[in-house]
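Structure record follows, encoded as structure tokens.
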Amino acid sequence: MAEPTTAEKGSSAAKRSTLLGAVFLMATSAIGPGFITQTTEFTIQLGAAFAFAILVSIVVDIAVQLNVWRVIGVSGMRAQDLGNKVVPGLGYVMAALVVFGGLVFNVGNIAGTSLGLDAMVGLDAKIGGTLSAVIAIGIFLSKKAGVAMDRIVVVLGVVMILLTAFVAFSSAPPVGQALVQAVWPSEVDFLAITTLIGGTVGGYITYAGAHRLVDAGVTGPERVVDVSRSSVVSLLVTGLMRLVLFLAVLGVVAGGVALTSANPTAEAFQHATGEIGMRLFGMILWAASITSVVGAAYTSVSFLVTFSPKLARARNWLVVAFVGISAAVFLLLDKAPTTLLVLAGALNGLILPVGFGVLMFVAAKRRDLLGGYRYPRWLLIVGVVAWLLTVYLGVNSLGGIAALWK
């Protein structure tokens, strides 16, 4: 058998880099300031029993994302384009929801970067937020924006996990107790489970990696193995980060420390590793926030560029504008707009069942959009069950909108 040529080796390396980039783009999009806060709060409330909620949410997330990535990857079309194929105009509605939700949450992500730099080096919040926005914009203005984004989200994703794992090791959590509770919990909190699912595959997040693969040309029935493997690995990366953060906080809580400050995660890190814990928390929060800024901007704009060749040509500038507007709103308000975050969260809860429903319909009824690919029946059944759960989550999310009227 002939040895692979230099060009073939280069192509293979580029493919691995793209797949890894898609994995970490999705994972780091999910791991934002809200992810850190939710994980800490539920660990304080549930203790070791939170392990069960993490395990169940990962299983459901995989069921959702396996289907989402496979339909998008095999068809080679982004979610909004499939939406317009199924029901004319639906794709525009999906795009509007994603862009609005992504823009509002990006203000929160910018706020997270400012808090991270403040905890890490004591930098003023406005300066920290502006500097982080400039870094994100620099990524998209580089000549090889896609490659730069892939590499940065991978590096920062690995840094987050390693730093959090160090804190988890230092806090000496009761790992055996957590393992038992993962399969035989003393308490089951459905709110925790649904919140984790919505925060991991809700809104734009589940489309982030899939759209990256479409942009990189990793599509078609012949790439189904690569797409499916990447979809699962991305959630395992997210789950690993959730797990080590849970263990880090659990070790502190199990030791009898009451986390009562306004920033319980920072307090837990400080108890576990002393003064260096605050710096580590700042680094982790900044990395989580800046990668979420990149993921939200990239994915939100990916829902617009297929509607017009002019938009496609101006893609990087649209991303720059997206980040710039997010930063401007943060600087004007000096904080994340709480009411808009609630509204965006509620609308994000609607994006998943609508978008996921469209993709499941394509899987079941529109084989023509999948290049003749025969969709596995077992995966279709799993997807329908998962879709029913997302409908339940979506109905619950309407409470966020109702709350705004009170």
- Task: Verify side-chain contact (heavy atoms from CB on, under 4.5 Å) between Thr28 and Leu156, making sure each step is shown before the conclusion.
- Result: CA-CA 8 Å; Thr28 55; Leu156 291 180; 5.8 Å; no

Pairing donors with acceptors under 3.5 angstrom, does anything connect the side chains of [X] and [Y]?
X      : Y      : result
Thr195 : Gln38  : no
Asn106 : Asn109 : yes
Ser57  : Arg242 : no

[X] side chain to [Y] main-chain N or O, any donor-acceptor pair under 3.5 Å?
X      : Y      : value
Glu267 : Ser261 : yes
Ser231 : Ser228 : yes
Arg279 : Ala119 : yes
Ser300 : Ala297 : no

Separation of [Y] [atom2] from [X] [atom1] (nearest 0.5 Å):
X      : Y      : atom1 : atom2 : value
Leu280 : Leu163 : CG    : CG    : 5.5 Å
Met120 : Met278 : CE    : CE    : 13.0 Å
Leu123 : Ser114 : CG    : OG    : 9.0 Å
Ser302 : Tyr204 : OG    : OH    : 11.5 Å

Does a side-chain heavy-atom distance below 4.5 Å link [X] with [Y]?
X      : Y      : value
Val329 : Ile110 : no
Leu359 : Arg70  : no
Phe35  : Thr238 : yes
Phe269 : Val252 : no
Trp286 : Leu115 : no
Tyr375 : Val362 : no
Ile152 : Val294 : no
Ile58  : Ile54  : yes

- Task: Walk me through it: do Met149 and Phe140 pass the test side-chain contact (heavy atoms from CB on, under 4.5 Å)?
- Result: CA-CA 8 Å; Met149 181 177 65; Phe140 291 105; 3.9 Å; yes

If I compare all heavy atoms of [X] with all of [Y], which pair ends up nearest, and what's the gap?
X      : Y      : value
Phe322 : Gly102 : CZ-C, 3.5 Å
Gly355 : Met94  : CA-CE, 3.8 Å
Gly89  : Asn84  : N-OD1, 3.1 Å
Gly21  : Asp150 : CA-OD1, 3.7 Å
Leu259 : His271 : CD2-CD2, 4.2 Å
Ala63  : Val382 : CB-CG1, 3.4 Å

- Message: For the CD1 atom on Ile276, are there more than 12 heavy atoms of other groups (residues, nucleotides or ligands in this structure) within a distance under 6.0 Å?
- Response: no

- Message: Looking at Phe169, I'd like to know if its CZ atom is crowded, meaning that more than 12 non-hydrogen atoms belonging to other residues, nucleotides or ligands lie closer than 6.0 Å.
- Response: no

- Item | Stepwise side-chain contact (heavy atoms from CB on, under 4.5 Å) check, Ile31 with Thr291 | CA-CA 8 Å; Ile31 304 167; Thr291 50; 6.0 Å; no

- Just checking, Arg151 and Phe24: is the charged tip under 6.0 Å from the six-membered ring centre and within 45° of the axis? no

- Name the orientation class of the two ring planes belonging to His211 and Tyr207 (parallel below 30°, tilted from 30 to 60°, perpendicular beyond 60°). tilted

